[in-house]
> 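Got a structure for you, questions after.
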Protein chains: 2
Amino acid sequence: MTVTTLHRPAHRDALASLEDAFRRGDLITVFGRCSVEYDGRASSSLGAGDRLLLLKPDGSALVHTDEGRTPVNWQPPGCDHFASVRDGRLRVRSVRRSPEELLDVRFDRVHHLVAYDVTDPDDLDLRGSEADLKEHVVANPERIEPGFEPLATERETTAGPMDVFGEDASGRPVAVELKRRRVGPDAVGQLRRYVDALEREFGADTTIRGVLVAPSVTDRAASLLERDGLDFVALDPTTGRPPDDSAP
Amino acid sequence: MTVTTLHRPAHRDALASLEDAFRRGDLITVFGRCSVEYDGRASSSLGAGDRLLLLKPDGSALVHTDEGRTPVNWQPPGCDHFASVRDGRLRVRSVRRSPEELLDVRFDRVHHLVAYDVTDPDDLDLRGSEADLKEHVVANPERIEPGFEPLATERETTAGPMDVFGEDASGRPVAVELKRRRVGPDAVGQLRRYVDALEREFGADTTIRGVLVAPSVTDRAASLLERDGLDFVALDPTTGRPPDDSAP
DNA sequence: AGGTCTATGTCGTTT
DNA sequence: AAACGACGTAGACCT
């Protein structure tokens, strides 16, 4: 574990340190007064101010101000970082191909530069995702309704793969769309596309049912469900059981 | 501009420095070997490894590994940060109310701690957004089609506000949905909801038209547009003109 | 606080 | 590389 620090370095020294850190594959932070230009899918300009630039060995770049979870400018993993000194000032460019995108950070002053030698086993275990909800539903199909039988997950349709495909107690095909959180109109549209696809596939004589499974729905989404003859079942993604307030 | 640095501090010294930095409203980075627990809308665990914790004065917290644009764990702005030493080890907790969420970072070792005294005018100027495309359309309505006349933007419907509402050359109402990038099936569903809402509002005798405006469409979305009798116009959000490859 | 929608969304998966 | 959908999406704007 090595940490290399430069405090108020000359731009030329900052450059040398940066290039060493690039070679070593370090995680780098550069704090200083800078201006930022971005051009790619969109484009942006940011006037001079103090920001923290984070450069990762995987090619990501993040420009963070003192506010917000989201960086004010960034570049995704897979980019190439280049550092240089132009007009006596440190400049960091990060380039992406396909789509062609450029991030350009020009420093007036470098207050602080740190290079961290990192290795991370990186084994995040996340619970309460839609995948967890799916497991709950497949293991406890009666939570959807008595007699419901799951036949497949990720079953293909012309509208794309649906979350769960099954049959109800009377043998009618059922499309189930799962959401880990309260749903709006978009999820209803998604379910409807799967139901439509199945109706074309099975023919007009077969009635296809659609069930949206989520902790809750918005009013607008509830109206759309009713209009389209789709059902709703309230389930919590972490427990796989009805939420505490699912009586109404 | 002040930068305070601690290199391999004792946990107790790290705590004192952190609390000073909280008081001053500094932007803080803590680099060290840590484990992370999150519990809230979902929950997660992350085993020990070297990561960079970024604590902002607005209450955001970001845990970054050596990979990815997205932090492995985080807390949004508005949270309260608390530092302590438990069992001789530095611990940082970040708490959010509504929804109740907790981020807990426990350090085995603190390799490096820095507090930055930041102020940022923060005036990002972004071009090529959907708002820009809307301005282009309102200023050059003939780009939609000859005779198109915009009457309102963000016009309310029972399905929510539509981007642009107008009339075509023969006086028929037109709902326009704008997208800054290539669109998929979801955008068609959105436009359809607006058109449906207008049809109910105007009555069955009035034909409502719907136009999707974007640089391009996917095949599936194109099928849905055709099925629903909706139109597509290819426009680029940065130029407001047809993209280079919009002939087909 | 809840609803709806945009985003340089990002990220994973599959074709 | 394109398409499609999930995400602890975040963020903005409105009610």
> Name the residue closer to the 5' end of DNA chain C, choosing between B/Ser98 and B/Asp163 according to the nucleotide with the nearest heavy atom.
B/Ser98
> Between C/dT6, D/dG8, D/dA3, spot the one nearest the side chain of B/Arg182, thanks.
D/dA3
> Heavy atoms under 4.0 Å, any strand shown: does A/Glu154 hit a base, just sugar-phosphate, or nothing?
nothing
> Would you mind classifying the nucleic acid contact of A/Ser43 as base, sugar-phosphate or nothing, using non-hydrogen atoms under 4.0 angstrom?
nothing
> Under 4.0 Å, heavy atoms only, any strand: does A/Arg97 hit a base, just the sugar-phosphate, or nothing?
nothing
> Could you tell me whether a side-chain N or O of A/Asn140 sits under 3.5 Å from a main-chain N or O of A/Arg143, the two making a donor and an acceptor?
no
> Just by distance, no angles: are the side chains of A/Lys56 and A/Gln75 close enough, under 3.5 Å, to form a donor-acceptor pair?
no
> On a whole-Å scale, what distance lies between the C1' atoms belonging to C/dT8 and D/dC14?
25 Å
> Of the candidate nucleotides D/dC4, C/dA7, D/dG8, which contains the atom at the shortest distance from the side chain of B/Asn73?
D/dG8
> Could you tell me whether B/Asp219 contacts a base, only the sugar-phosphate backbone, or nothing, with contacts defined as non-hydrogen atoms closer than 4.0 Å?
nothing
> Quick one: on DNA chain C, does B/Pro161 or B/Leu124 contact a more 5' nucleotide (nearest heavy atom)?
B/Pro161
> Please state how far atom OH in B/Tyr38 lies from atom C1' in D/dG8, giving the value in whole angstrom units.
4 Å
> In B/S/- notation, 5' to 3', how is nucleotides 9-15 of chain D contacted by protein heavy atoms closer than 4.0 Å?
BSS----
